[in-house]
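Notes for the one structure printed next.
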Amino acid sequence: MHQEKKITREDTWKADDLRKHIRGGGREEDHGRRREEYERQHRGGDSLERRPRDPEREARRERDKQREKESTQERKNREKDRHLDRRKERSNDRIGDREEREKERKREKDKVVDGSKYQDGGRESSDKIHHRGEKENRDREKERAQESEKDKDRTKDRERYKQRDREKGAEERDRERRREEREKRREDEQSIERKDRDRRQESDRRDGHKDREHLKESEYHDKRKDRERRERHSDRERTVQKEDKEYREHRRKEKEERERRHRETAPPDVAESRRRDGDSREVARRDHKSSEDRHRADGEGAERDRRRERRRREEVDPKREITERSKDKRSHQDPKEKRENVETKEVLGQSESVWRSSQKELSDTEEPVEKQDPQTESQPDHDGDAQDYEEDFEDYEEDFEDGSESGGEEEEKQTHSQEEEREEREEREELNPQRREQIEAIQRAMKEENERVGSVQTRLSPEEEEERPSKTGGSETLPQQGKFIDFVAAKHREVNKKVACQQKKRSAELLRLIDLDYSITFSLLDLPPVNEYDMYIKSFGTTNTKQAYVQCNEDNTDRGIQTEELENSEKWTQHPAEWNAVCGGPTLSQEDSQSTTKMNVDSQRLATFLRSASQVVAVLLEEDRAERQSLKKLRSQADTLQSFSDGCLQLNTRLPFLHGRPISLVHFSQVQTQTVLSVHSPIQKPSAVRLDSKTIICIWNIWEPSRPQKILVYESEVRSCCFSPGKATLVFAGTSVGSVVLWDLREHAGDHHTLRIGDIDWTLRQPTFSTDAVLAASGHMSSVSSVEVVPAAVSQGGGPELPLLGSDEESSGLSFQLASLDENGVLNLWVVLELPKTNEAGSQTDLGLRPGGKVKLLHSSTLLTSERKSARDAIKTSPPQALLVKFLPSDPSHFFIGTNMGVVNHGTSHGLQAPPKFYRPKMVGARPVDVTSIDFSPFEETFFLVGCGDGSVRLHTVASEQPVLEWTGNTAGDPVVSVQWAQTRAAVFCVLDATSNLHIWDLLETDFEPVVTEKTDADRVTAMAAFGDSSKQNTFSGIALARQSGKIEMQYFSKRFTVPDSADLGKLQSLKEEVFLD
Amino acid sequence: MEGSHTAGNTYLIRPNYQHKFKPAVVKECIRDILKEQLSGVDYDPEEVPLTSRNLADRIKDKLKKMGFDRYKLVVQVVIGEQRGEGVKMAARCFWDADTDNCAQDIFMNDSLFCVAAAFGSYYY
């Protein structure tokens, strides 16, 4: 290992040198100098010292080479180039070398004394190394041996020579050269003829020139030459693969010849033999080509002279050389060497020999193996061998010279000659061993360098690459350090080799794992061509253009005006202030809603309060005035007042639109007893007020007699009229045209037409709802003779009726039934409905409803009440007529219909036949008498009075067909117009006949004639209605009399007719009992 | 010495993820350099060879600093003049698609276009 390093280091150093050399021409001087130094060292004994090492190195290298056979080819190629370079150097240095060589030769002559020992040692050591190489080459050699079997016919001597030949073939050129060098050095020491060398140098020079030319011509590019060179190189190495057997044989022959000659001389003294060798070489050369000799002879003389001169010149130098050498000492690894360098040359030589022997001893271990080798030569043989090599080279040289001189020879020969030329050159170098060694080193270095540059460098790790430049730098500054650096480089190389091996192995292993594939094609750029127009626009599109805006028809602009938006905000105010809030807005929304609801409630209450309060006030005022007036009137009309009258109140009917109208009906509200309505029939004569054809209904409050509270207007004649139950808010009317109409008195006056008559505005109310033509199908086909409110609660039994009604009113449960009876006996039942809200625009479905009206009628059912009677009264000419309908107050399902046949029919709305079917007079046989009036007693509801057209008055009970009492003839045959029970006394009733006679009956006093009969002739009484409050046990009771003139008189009963008597009811009871007894 | 070499000879055939050649990153890098170097530059046939070389070097240097361990980087920069002709460039690689990758970016202005492509090949 150590030795390897040494060798390789040396090599690398030379590689650096080479590099330098390649870089510039100026280097050559350096080389020259360096070489000189080398020579000096060699002279000083260095060369000798190194000798034993060199063979080892070579052997080692050989081994390496064999290992790296793959790459040798390449390397060889490079070597070739190196050789060329070297040649150049050599040519430069040769002159100086020669002189030095002479000196050395002299020196060596001195050493001849201990030559034998020295040579032995040297030989042995070199042999050992040689053998080592041989061993490795043995296989090849064997093959070669087989090849050379042909030559066996030659002498036995030859056999040995052949062995030697084989050895030679096995050894590579470099090694051979080196060995030759060594040997030649020895030869030099024994002063081998200079001529030979000179000649060689000469030819070398020539070759160098040639080569240089060659280089110029085809320095790096000519592959063919490369190949040739390679071939040549391989030839030189004499590997088995050598192609040119002929050539080899030829050479072998030559060698054999030479060796034979050499043998003949059989030199115990090596120097002699060598000299002889040289001779023989010359001879061989001459043998080979006579022309060569000639040529040599030509130039030799002159050149030799020149060289001699140069040598002389160089002899001056040794001192300098020594100093230089001393510089180099540092770099030498071997301390011995250093020491020796300082000593004189002679001493050096001796010590060297000593050293070499020690070396030999070191290498002794290897010797036995080599000795066992059958092909190992004897030492002298080996010497001869080396000399033979030299001869070989000379031969080649000759060959080459042949080729070069006889220019146009075949190519093969040329290649041979070139190789030989090179060899020749090398041989020439042998002449001055120091130089040669030097050159050898350079060559090696070059080889190594090339090798590395070529193949190894790529594998080098960056560290190594970094290391290298520094080394080369060192070698440049101190060229002789090369030896030291060689070791490092060798180590590198070794390492590199290992690395390479590892990498190779690794790559082999990895390649299995790695999948190389073609990537998809990356589109790096895809720039579509720009079309012409775009290009034009791009380059010229914007030139000479200007952007401008034009508006055609400039003045035709559209203008809009935007005013500021109206600002709306909701505000409310209230008076008087409540909750400390007088006004508010949307910001107080929550409070608003609260306050508004409260306000609503309040307003309702306020309204009701105001209404009632105003009424009270109005009544008070009215009373005040009325009292004053009535006092006067009473006084004035005292004479006209009947005996029964306690006083009289006149309603102011002297209104322009009421003027001349007869009053057909006066009706009191059952609950609001102070409210009375009067129906004023239309008049035929036209008057100033255009209400002629219309019926006017006036609603009066008897406490405000000065003017009617409401004025209701209807287009045609009203046949019957009634108030709603409870509060008198609704007025129903049956008309002669068969319709049922109603007025809602709660409607605001503003909703109705106002007529200005005189100075006063009168509000004329049109009906809120009318069945005119709207409900024609379900309505009446003939004039409605009677409308009556069906009493509400069925099971109330009459007791708590009023409070109930009142509560009903309050809760606005305005829902009750209305019955209307037309003359054909059709009884229609209507449901009165109050709508939850009004619709000012009118209703789409309820066509009879006035816009803004809230109350309407729904047709409930129709009962035909006249059927059965018609069958019985078929003989009668006049059709049966239903004139009146009354309901039993305690049981609204029972109705009583007064007919024109003098009987009262009894029916129920549910179709149940309740006995008796009818109530008839006591007189048997029906006669056509109209029932003009039916009135139930307010105290004993089972009693009712029937007034007939024949002037008879009957008192019936519900349970009996026969009348309890019947009075005829009291009216002198005049038809009874109206029969009215007094409101405060149960046993008192009034009868008005058609002749305006008013009869007042008191059943307690007498039950066969009226107690009072009042006859008024001047102004006939056309209608009568009793008023009074039965619940109030006071004197407020009386009858309203409507006069023909249109006056309405309120006659208050005198005390005897108003003060209730407990006997009244008893009388009635007794009468009832009488009936049952009958 | 040998130890260090053997250490170098790992059998690592895939780069660490963080050392992997990431085209997006590289592309961004290329873009930056192109933008920085070429914005506002007009095509000048005499300067362009130098420019492209400089660009390639800059890109390569920058990429080297990005720590693509054991990657061999190849950067190719092509600058051409924009004269409306169509250009098509493509690349195809024979490589190990698992480790090797390429990134490319284009810079264009009115007078020139520049295509820079960086190929990273993992060095086993």
Side-chain angles (χ1 to χ4, degrees), chain A residues 1 5 456 458-468 487-542, chain B residues 1-15 23 27 30 70 72 75-124:
Chain A
M1 194 64 194
K5 277 175 198 168
V456 183
T458 52
R459 290 179 226 158
L460 285 177
S461 66
E463 303 165 3
E464 284 174 323
E465 282 182 326
E466 280 168 14
E467 277 177 71
R468 286 183 63 201
F487 293 101
V488 178
K491 197 180 173 190
H492 279 314
R493 205 181 50 148
E494 193 62 24
V495 165
N496 288 347
K497 253 179 257 159
K498 270 187 189 168
V499 169
C501 278
Q502 280 175 341
Q503 282 181 339
K504 202 171 173 190
K505 186 178 148 219
R506 183 169 169 274
S507 70
E509 284 170 33
L510 286 186
L511 270 173
R512 280 185 289 117
L513 303 173
I514 294 159
D515 246 359
L516 294 182
D517 51 0
Y518 276 108
S519 65
I520 50 149
T521 306
F522 301 110
S523 177
L524 298 182
L525 175 64
D526 194 352
L527 194 67
V530 183
N531 64 37
E532 259 176 49
Y533 177 74
D534 287 346
M535 201 62 203
Y536 174 80
I537 289 299
K538 200 179 161 191
S539 45
F540 304 110
T542 54
Chain B
M1 201 75 165
E2 288 182 3
S4 71
H5 282 301
T6 46
N9 278 340
T10 58
Y11 280 77
L12 198 74
I13 61 166
R14 291 286 178 272
K27 191 184 176 91
I30 294 174
R70 300 184 67 160
K72 289 282 174 198
V75 178
Q76 184 193 20
V77 175
V78 175
I79 298 181
E81 187 173 9
Q82 286 249 48
R83 309 212 73 166
E85 290 94 344
V87 182
K88 237 176 206 185
M89 278 179 65
R92 203 163 183 217
C93 309
F94 181 63
W95 64 19
D96 182 358
D98 289 345
T99 55
D100 307 341
N101 216 330
C102 98
Q104 151 268 356
D105 198 33
I106 304 170
F107 177 88
M108 287 221 229
N109 62 23
D110 284 345
S111 72
L112 60 80
F113 65 88
C114 175
V115 183
F119 302 87
S121 173
Y122 189 65
Y123 188 55
Y124 300 103

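What you see below is based on every heavy atom in this structure, not just the backbone, and it leaves out hydrogens, waters and symmetry mates. Each chain gets a letter, A, B and so on, in the order its sequence line appears, and its residues count up from 1.
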Okay, B:Glu85 and chain A: the region with an atom under 4.5 Å from a heavy atom over there is backbone
Item to complete: Flag yes if more than 12 heavy atoms outside B:Arg83 fall under 6.0 Å of its CZ atom; otherwise flag no.
Response: no
When rounded to the nearest 0.5 Å, the distance separating CG of A:Leu524 from NZ of B:Lys88 is 12.5 Å
### Message
Less than 4.5 Å apart, side chain to side chain, heavy atoms only: is that true for A:Leu527 and B:Gln82?
### Response
yes
Please say whether more than 12 non-hydrogen atoms of neighbouring residues, nucleotides or ligands are located less than 6.0 Å from CZ in B:Phe94. yes
Of all heavy-atom pairs linking A:Asp517 and B:Ala97, the shortest is OD1-N, 3.5 Å
Honestly, the part of A:Glu509 sitting under 4.5 Å from a heavy atom of chain B is side chain
When every non-hydrogen atom of A:Leu516 is compared with those of B:Asp96, the smallest separation belongs to CD2-N, 3.4 Å
Of the listed A:Leu525, A:Asp526, A:Asn531, A:Asp534, the one with the largest count of heavy-atom pairs under 4.5 Å with chain B is A:Leu525
